[in-house]
Each structure stands twice: as C-alpha cells, then as structure tokens.
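Below is one structure; the comments refer to it alone.
What you see is a predicted model, and the numbers here were worked out from it, not measured in a lab.
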Protein chains: 2
Amino acid sequence: MDAAPDSRTGLLDAAEVLFAGRGFRSTTIKAIAAAAGVNTALLYYYFPDKQGLYRTVLERAFGGLITEGEGRLAAASDPEEAVRAFIALQSAYFGRHPHRPHLFVRELIDHGAEYAAGQLTRLAATLFRRLCDVIERGQAAGQFRADLDARRAAISVVSQVAWMQVARPAIGIFIGAGPGGPSARWTDEFADHAAEFALFALRATDAPPPRPAPRRPVRTSR
Amino acid sequence: MDAAPDSRTGLLDAAEVLFAGRGFRSTTIKAIAAAAGVNTALLYYYFPDKQGLYRTVLERAFGGLITEGEGRLAAASDPEEAVRAFIALQSAYFGRHPHRPHLFVRELIDHGAEYAAGQLTRLAATLFRRLCDVIERGQAAGQFRADLDARRAAISVVSQVAWMQVARPAIGIFIGAGPGGPSARWTDEFADHAAEFALFALRATDAPPPRPAPRRPVRTSR
DNA sequence: GTCTATACGGGGATAGAC
DNA sequence: GTCTATCCCCGTATAGAC
C-alpha cells in the first residue's frame with residue numbers, strides 16, 4: 001500500500017527526496033526519472049520543466065505542514081499546552097518526513113525563499129501567527145513573562161527543534177554519537193527538552209506553579 | 001587595504017563566497033577563477049582539485065571560529081556572563097562573515113559533515129565543551145537549574161542565533177520585513193533576546209536575583 | 001502516456017606554451 | 001606562476017515514433 005502507481009506522484013515523490021538530499025541545482029532530471037522508474041521525457045509531460053516540478057514539490061510539502069499543523073493546534077487551549085503541542089508538531093512532522101527539513105532549508109539558502117514565498121506567507125498567517133497569539137495570551141494571563149517580545153520568543157521556541165534537525169551531523173559529533181547524528185531516541189527526547197527549555201524561559205517568575213509536564217509516551221520520529 | 005594581491009588567497013576568498021552562496025556542486029571552477037580574476041588552470045596549480053580547494057576553505061572558516069572563540073571566551077568567569085559571551089560570539093562572528101552560516105549549513109546537509117568532521121571534532125572539544133562546562137558550573141553553583149542536561153541545554157543556547165541566521169528569509173516574512181530578511185538592527189537585537197531567553201530558561205527559580213543584563217551598545221552584525 | 005534519439009551548452013580537468 | 005586550447009562527460013530540453 002505504499003507504491004505510487006501513477007507516474008506523476010512517483011515523480012513528485014522521487015523529486016522531493018532528491019531535491020532535499022542534493023538541492024535543486026545538483027539534482028538532475030535524469031536522476032529523478034530514474035528514481036521514479038520512468039523516462040526522462042515523461043517529466044516534461046506532467047510538468048512544464050524542472051522549476052515547475054520543484055515548485056509543486058514545495059507546495060505539497062509546505063501545504064502538508066500547514067494543514068496538519070492547523071488541525072493539531074486548534075485543540076490546545078492552555079498556553080503551556082499549546083507551546084508543547086507546537087514543538088510536538090515540529091518533531092512529529094519532521095519525524096514522519098525526515099528529509100523535509102533539508103528541503104525547506106535548501107529553499108531558504110539556495111533561493112532566498114523565492115519559490116516558497118507564497119507558502120511562507122501562508123505559514124506566517126497561520127502557524128506562526130497562532131504561536132505568537134498563544135504566547136501573548138499567556139502573557140495577558142500572567143502565566144508568561146510580559147517583558148518578552150512574542151514574535152522573537154516564537155522564533156526562539158521554533159529554533160531549537162528546527163536547528164537540531166538541520167545540524168544533526170554536527171550535534172552527533174558534539175554528543176559523541178558521530179557524524180551520523182543522534183539516535184531517534186535522543187531526537188525525540190530533545191523535543192521534550194526543547195519544550196521544557198522554552199517554557200522555563202517563557203514562564204513568569206511569580207506565576208502559579210505549573211503542573212508537571214505530562215510524559216508523553218508517544219514516539220513519532222525516525 | 002582590502003585587495004588580496006596573491007592569487008592563492010584570492011581563489012580561497014572567491015571560493016568561500018561562491019561555495020557558501022551556491023553550494024559545492026553548483027559552484028563551477030570557472031566561476032571561482034573568474035571571481036578571483038585568474039585563469040581556471042591556475043586553480044590546479046595551487047590546489048589538487050575542486051575538493052581540495054573546498055577542504056581548505058572549510059578549514060580556514062572553522063579554524064577562524066575556533067581561534068576567535070577560544071580567545072573571547074577565556075575572559076568570562078561568571079556562568080551568566082559566559083553564556084552571554086557565547087551568544088555574542090556567534091552574533092559577532094556571523095556578522096563579520098555573513099556567508100559562513102550558509103557555508104557551514106551546506107556542509108552539514110550536503111555532505112553530512114564529511115569534509116568538516118575534523119574541524120567539528122575540534123569544535124566539540126573546544127567551544128562546545130566550554131559551553132557545557134559553563135552550564136555545569138552554573139548548576140553546581142546553584143545559579144542554573146540542575147534538572148537540565150547540560151549538552152542539550154548548550155544546543156538550545158546555540159540554536160537560536162544559528163537558526164535565525166539560516167532562516168533569515170522565512171523570518172523576514174514572518175515578522176513582516178519580506179523575504180530579504182530582518183534588518184541588521186533586528187538581527188542584533190535578536191541576539192540580545194536570545195541571550196535573555198536562554199538565561200531565563202537556565203536560571204534556577206530559587207536562585208539569587210540576577211543583576212540586570214548590561215545593555216551592550218556594541219553592534220557587530222551586518 | 002510513454003518511450004528513443006538527439007541537439008546543444010556547460011562542467012571538471014589536463015597538456016603544454018610562455 | 002600564469003595562460004591558451006582542448007578533451008570528454010553530463011546537464012536540460014525537445015522532436016517525434018509508438
């Protein structure tokens with residue numbers, strides 16, 4: 001049930017993995033077609049050219065994050081819970097699509113987000129906006145410290161897992177696991193740590209004591 | 001005083017900028033030679049091949065970070081001061097070498113740190129080690145919360161500015177500045193924010209009240 | 001829808017003159 | 001030390017048969 005019988009989807013899947021792994025310029029259409037098990041020329045039947053294929057790959061990947069995120073985050077009501085849910089979303093999404101962090105980062109540094117500008121604008125209006133709102137709501141309730149700028153704080157919240165995903169080989173070396181990167185278990189535990197770290201930073205020092213973090217047994221990453 | 005009269009250095013400088021901007025595979029030796037104002041064949045006089053040139057570029061860039069970092073960090077004695085100094089180092093170094101974040105990230109995602117493994121091992125034994133030690137010292141002194149794993153905490157500390165440098169186009173869109181990324185002023189202020197955010201997270205809740213953060217007027221980034 | 005065959009430019013690298 | 005000239009492979013994209 002995991003075979004993609006139709007050629008268009010097969011091309012999209014293969015292109016996504018290759019673009020993520022080697023970047024847009026270094027990925028050849030011959031490699032994409034070969035990985036999809038079809039002929040080079042067929043690519044030009046389904047897509048206008050290499051750029052058009054790339055654009056479609058990006059739309060699918062960002063679109064998936066936004067759709068899934070909006071679904072997941074609507075549930076959380078308490079600000080602390082919402083921050084945890086946000087980081088859990090990052091961790092789960094990248095656990096399920098392990099190459100997408102690279103796809104996203106490459107688009108940022110290769111093209112300055114040129115091809116993903118539309119998707120990022122949507123992301124700004126949905127997930128990022130929602131995280132900022134949650135922080136501001138926590139500040140208004142006296143749960144979170146009021147002296148933090150919500151947008152900067154939101155970036156700090158997101159940065160931990162995002163950077164961990166990108167810098168895996170370096171982190172692997174730093175923690176003694178080698179350039180293959182940390183284990184799946186370590187990766188999951190880092191997400192828990194990141195949530196706690198962010199909440200320690202966000203909490204007002206005179207706030208009512210938070211209930212202990214629920215130890216989520218769910219393990220979602222690779 | 002900014003001309004690089006000798007061809008070897010000119011090639012290294014040009015290669016660094018191009019490798020950072022487009023990646024190893026997408027950077028052509030013809031482009032490097034042209035940017036350095038010399039002939040393609042001369043590259044093979046000074047370096048064995050494209051890979052050898054790349055390796056040398058990485059060694060110079062990582063080596064600079066380590067050398068500069070060890071110098072700067074030896075000064076700070078107080079753990080809080082040391083954490084601030086660490087983030088200030090990141091900000092200053094990347095402010096002075098604005099393309100190196102991309103160079104580093106590309107090496108991580110393009111080659112899994114294969115070419116930089118040696119430099120990263122040095123980094124692990126110097127700067128990263130030093131940051132972990134500082135956190136542990138703060139924990140032993142009761143200044144920092146003891147329930148954090150020092151290595152994970154160190155990664156959280158580093159991640160904020162690192163991610164901000166990499167995700168500039170996305171952050172620009174998120175904060176309404178557009179895909180060109182945040183302004184130099186915003187970038188500098190984010191480093192201050194990141195230091196405070198990290199210290200809020202690190203501080204033991206029953207610790208003696210920290211002195212107010214010194215507002216560093218020094219502006220070091222682009 | 002899917003393939004074969006091919007045009008055409010640009011890539012890394014070397015030989016060898018000066 | 002620095003250049004010209006060149007080799008050969010591989011990249012994108014298209015024409016057109018089936």
Any pair counted as ring pair (Phe, Tyr, Trp, His ring centres under 6.0 Å), so long as it reaches residues 6-42 of chain B, sequence neighbours left out: B:Phe19-B:Phe24, B:Phe19-B:Tyr54, B:Phe24-B:Tyr54, B:Phe24-B:His111
Residues two or more places apart in sequence or in another chain: which of them pass side-chain hydrogen bond (donor to acceptor under 3.5 Å, both in side chains) with B:Glu68? B:Arg96
Sequence neighbours left out, what passes side chain to side chain contact (heavy atoms under 4.5 Å, CB included) with B:Ala35? Give chain and number order. B:Ala14, B:Leu18
Within residues 32-44 of chain B: residues closer than 4.0 Å to DNA chain C (heavy atoms): B:Ala41, B:Tyr44
In chain order, what residues pass the side-chain hydrogen bond (donor to acceptor under 3.5 Å, both in side chains) check against B:Arg137, with sequence neighbours excluded? none
Tell me whether A:Arg55 is salt-bridged to A:Asp49, with the criterion being a basic N under 4.0 Å from an acidic carboxylate O. no
Please list, in 5' to 3' order, the outermost nucleotides of DNA chain D lying under 4.0 Å from any heavy atom of chain B. D:dG1 to D:dT4
Pick the nucleotide of DNA chain C nearest each of B:Pro48 and A:Tyr46; which residue has the one closer to the 5' end? A:Tyr46
Suppose the criterion is salt bridge (Lys or Arg N to Asp or Glu O under 4.0 Å): which pairs have a residue in residues 148-159 of chain A, not counting sequence neighbours? A:Asp149-A:Arg152, A:Arg152-B:Glu189
Residues that B:Gln51 engages under side-chain hydrogen bond (donor to acceptor under 3.5 Å, both in side chains), provided they are two or more places apart: B:Tyr115
A:Lys50 near the nucleic acid: base, sugar-phosphate alone, or nothing, with a heavy-atom cut-off under 4.0 Å? sugar-phosphate
Can you name the residues that form a ring-ring contact (aromatic ring centres under 6.0 Å, His included) with B:Phe190, not counting sequence neighbours? B:Trp186, B:His193
To the nearest Å, how far apart are B:Leu11 CG and C:dA13 P? 14 Å
To the nearest Å, how far apart are B:Lys30 NZ and C:dG11 P? 6 Å
Please give me every residue in residues 18-26 of chain B whose heavy atoms get under 4.0 Å of an atom in DNA chain C, ordered by residue number. none
Please enumerate all residues that pass ring-ring contact (aromatic ring centres under 6.0 Å, His included) together with B:Phe200, with sequence neighbours excluded. none
With A:Arg130, which residues qualify under side-chain hydrogen bond (donor to acceptor under 3.5 Å, both in side chains), at least two apart? A:Glu70
